[in-house]
Novice: 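Structure incoming, see below.
Computed from a predicted model, the values in this text were never measured in an experiment. What's counted below: heavy atoms across the whole structure, side chains too, no hydrogens, waters or symmetry copies.
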Amino acid sequence: VKLDVIVEDRNDNSPIFNVATLQGSVREDASPGTPVTTVVATDRDDPTGLDQYGFVSYKLATSPEDPPAPGGQRRFAISESGVITVVGNLDVETAPSVKVVIQAKDGMVNSPGNQVTATATIQISDANNRAPVFEGRPYNAKQGELLPLRSTVYSISASDADIDPANKAVTFTITAGDTGGVFDIHSNFQGGVTQGDITLEKPLDYEKGPKQFILTVNAKNELATNSDDTLYQASTTVIIDVLDENEPPVFINQPYNGAVTENQGPEPNIARVRAQDYDFGGNQTVTYAIVSTEGWFSINEEGSISSIAPVDREHPAVNQTSSIYTLVVSSTDNYRVKATSTANVAIRINDKNDNAPEPDGPWTVTICEVPPEPRVTTINIKDKDEPKNGPPFTVTIDDASGLWVLENGKEMMITLFVSMHSWLQEELILFHFHSKFQFARKSFMINLCDVFCSCNDKGELNCETMVPIAGAGFPVALLIAIIAAILILLIIVLAVVAYRRRQQAGLEKEILLDDDDVRENLQAYHDEGGGEEDNDGYDISALQAPPPNSVKPKVIDVRPLGGAQPESRRPIQPDTDIGNYIGDAKQQADNDPTAPPFDSLLVFDYEGQGSDAGSLSSINSGTTDASQDYDYLNNWGPRFKKLADMYGGGESE
């Protein structure tokens, strides 16, 4: 027996929300009825039973939205099936997100059932639903007519309450009032505010152009999806007044022309210029001046130009092709800051035949020693005057030798021929150039090569292998340079030889003399011995010792052997025993390898100039011991006390 047991459902489970369905988003410009999201909640009870305990229905809880909508109105609604839709106005700027409380109930609609609530969060995205707003109106600007191009005339600004940068950045355009495209506007979005710089694209002119511009400027969100919607655009008016400024005078009735004859005296009123100043009602005074520096013309206060000096058509400032001289004149107003303009006056210079024809090109040619053909060269002729005062020319030759022949060629050239086949020296030829009204005398030089050159059959020079002939054009400057170089070298060699001989001759005699030094003759003898009987006079200054640390004078009669140097003398101290000092000095002289091989003069510090003894040349040697009395040494002072003690009392050596 099969027994079916039917279990009746009880409403013992509550709905459970799917959290993911509690999030939604919508643009703030969404229209009513736009679905936002569908909320889903499930119930474990049987939805097919008679009581439908598992069926879930939805509605909004009675609690208000967060944040509340203005006036207590609701922004969103929900159907029994859980679909949330837009029913009110959305504004992301005041409510970027809205929270609503959803109630879910199981069972039949009118049954009490189990109820649960959950909060759904709806994000509001920005839309371009705000129009730009101009700041700082009204806009009035004043600018001078001399404002440079690309300069900023005026700046305006606008802001937008939208959040998204694409809906917030403003783009400006000039839609009306810009006659002739004088202005342009540049948009710069920064820091939430857009600045529009109106710049000058064409020059302003107070006198001839509009004195006021009334511009209409439009502002819109160029990057927004609904940028062309006029509902979200704005416009404003910018008034620009043009101010009069001081401009340079304007030359009128151009171009200016005149004419003058070359080398003519002063000519009045050859041309006239006129300049007008329209600034400040045209009441300013205009003065004229000559800018060109040739000094040929002057201009008066009425603008009349006159010549004041002879004009040279061949001057570099004159166009030689058209004979037109461009004179530059200036006009200056009398405003406190003066303005100046310039104009050109084309003055034609009527030519006079005041220039003789002359050869044009090189005047020196090199030819073969034996010319292969009679033709020497072709000479071009030029004339600085106009063609009407130029060719044809008549040319003659002034040559008594009969070597040269001229042949007139075209209008501007002649050809020179030689009537002989060889020559050995330079020839100077004098030419006569004749034009229609002028006569000129010019010279033409023909030079041989620096060496006599041979030529091949084609007349080509070959000077490299030829030997120069003396007197045949040898360069004088090169010859002088060679001689000068030889003389300089000879002087240097002689100087070196003299210097070396002087070194080999030994040391020169160096005698340091004092201006107050009184010395007598020193007689040198070259035989050994002798003594005082061999000499009648002495130069007592040789016995003087130089001060310490000074150069000692030397008298050397014989060159020292070898390369030895004299030994320096040891200076004597004031309290040194004179006998010991003399002995030391004698021993030092005996051991000195540079001393001459004959009697030497020893230098003693206690004798010579400044000594109380004076000159010793007056002391004669005695013939006997008795005749030598040295008692007078006691009268010479303390410095001779040692000598007085040694030789006094009748003692002798």
Side-chain angles (χ1 to χ4, degrees), residues 27-29 69-71 89-96 124-247 279-280:
R27 280 169 53 98
E28 63 174 335
D29 60 346
N89 295 325
L90 304 179
D91 188 359
V92 70
E93 288 76 28
T94 58
I124 311 299
S125 61
D126 186 40
N128 186 33
N129 62 345
R130 300 291 181 93
V133 177
F134 287 96
E135 299 178 350
R137 292 188 295 182
Y139 300 135
N140 296 288
K142 297 180 184 294
Q143 284 292 349
E145 61 178 329
L146 298 181
L147 184 69
L149 296 180
R150 308 294 185 272
S151 299
T152 299
V153 179
Y154 195 72
S155 295
I156 61 177
S157 61
S159 59
D160 194 303
D162 291 320
I163 295 177
D164 192 328
N167 301 325
K168 195 175 187 65
V170 178
T171 301
F172 299 101
T173 55
I174 299 175
T175 58
D178 186 15
T179 304
V182 178
F183 304 99
D184 194 8
I185 188 168
H186 305 273
S187 304
N188 181 22
F189 176 68
Q190 188 174 7
V193 178
T194 303
Q195 178 174 300
D197 296 325
I198 300 175
T199 58
L200 183 65
E201 300 300 317
K202 294 183 179 180
L204 300 174
D205 193 336
Y206 180 85
E207 291 77 21
K208 299 180 180 180
K211 295 178 174 56
Q212 185 182 73
F213 294 86
I214 301 177
L215 307 179
T216 299
V217 179
N218 177 266
K220 67 178 181 178
N221 306 112
E222 186 73 28
L223 302 178
T225 57
N226 59 345
S227 60
D228 295 331
D229 191 343
T230 58
L231 182 63
Y232 304 114
Q233 297 180 5
S235 62
T236 189
T237 299
V238 179
I239 299 175
I240 300 175
D241 293 320
V242 181
L243 303 179
D244 191 12
E245 290 186 304
N246 187 45
E247 299 173 281
D279 297 325
F280 313 115

Novice: For Lys202, I'd like to know if atom NZ has over 12 heavy atoms of other residues, nucleotides or ligands within 6.0 Å.
Specialist: no

Novice: Taking atom CG of Asp244 and atom CG of Leu204, what is their separation to the nearest 0.5 Å?
Specialist: 11.5 Å

Novice: Which atom pair, heavy atoms only, marks the closest approach of Ile163 to Glu93?
Specialist: N-OE2, 3.9 Å

Novice: Does this structure show an ion pair linking Asp228 with Lys220, if we count only N-O contacts that are shorter than 4.0 Å?
Specialist: yes

Novice: Is the closest side-chain heavy-atom distance between Glu28 and Thr94 below 4.5 Å?
Specialist: no

Novice: Would you name the heavy atoms of Ala219 and Pro132 that are closest together and state the gap between them?
Specialist: O-CG, 3.8 Å

Novice: In sequence, state the C-alpha distance, the side-chain angles, and the governing distance for Thr225 and Arg27, and then conclude on side chain to side chain contact (heavy atoms under 4.5 Å, CB included).
Specialist: CA-CA 13 Å; Thr225 57; Arg27 280 169 53 98; 4.3 Å; yes

Novice: Could you tell me if Ser235 and Asn218 have a donor-acceptor pair between their side chains, going purely by distance under 3.5 Å?
Specialist: no

Novice: Are any of the side-chain heavy atoms of Asp241 and Gln212 separated by less than 4.5 Å?
Specialist: yes

Novice: My understanding is that only one of Leu215, Leu200, Ile185, Asp184 makes a side chain to side chain contact (heavy atoms under 4.5 Å, CB included) with Val153; could you say which?
Specialist: Leu200

Novice: NZ of Lys211 to CG of Asp205: how many Å apart, nearest 0.5 Å?
Specialist: 8.5 Å

Novice: Under 4.0 Å between a side-chain nitrogen and a carboxylate oxygen: does that hold for Asp91 and Arg130?
Specialist: yes

Novice: For the pair Glu222 (side chain) and Thr171 (backbone), establish whether a donor and an acceptor sit closer than 3.5 Å, ignoring hydrogens and angles.
Specialist: no

Novice: Atom CG of Asn226 and atom CG of Asn221: how far apart are they, to the nearest 0.5 Å?
Specialist: 8.0 Å

Novice: To the nearest 0.5 Å, what is the distance between CG on Asn128 and CG on Leu223?
Specialist: 10.0 Å

Novice: Measuring from atom NE2 of His186 to atom OG1 of Thr199, what distance do you get when rounded to the nearest 0.5 angstrom?
Specialist: 3.5 Å

Novice: Enter the distance from Ser159:OG to Gln195:CD here, rounded to the nearest 0.5 Å.
Specialist: 13.0 Å

Novice: Which heavy atom of Ala131 sits nearest to which heavy atom of Asp160, and what is that distance?
Specialist: C-OD2, 3.9 Å

Novice: Got a sec: does the CD of Gln190 have more than 12 other heavy atoms crowding it under 6.0 Å?
Specialist: no

Novice: How far apart are the closest heavy atoms of Ile124 and Val92, and which atoms are they?
Specialist: O-CG2, 3.1 Å

Novice: Would Asp279 and Tyr206 count as a side chain to side chain contact (heavy atoms under 4.5 Å, CB included) here? Give the steps.
Specialist: CA-CA 9 Å; Asp279 297 325; Tyr206 180 85; over 6 Å; no

Novice: Which pair of heavy atoms, one from Tyr154 and one from Asn140, lies closest together, and at what distance?
Specialist: CE1-O, 3.5 Å

Novice: Which heavy atom in Thr194 sits nearest to a heavy atom in Phe172, and how many Å separate them?
Specialist: CG2-CE1, 3.5 Å

Novice: Pick out which of Asp126, Asn129, Asp162 makes a side chain to side chain donor-acceptor pair (under 3.5 Å) with Asn167.
Specialist: Asp126

Novice: Classify the ring geometry of Phe183 against Phe213: parallel below 30°, tilted from 30° to 60°, perpendicular beyond 60°.
Specialist: perpendicular

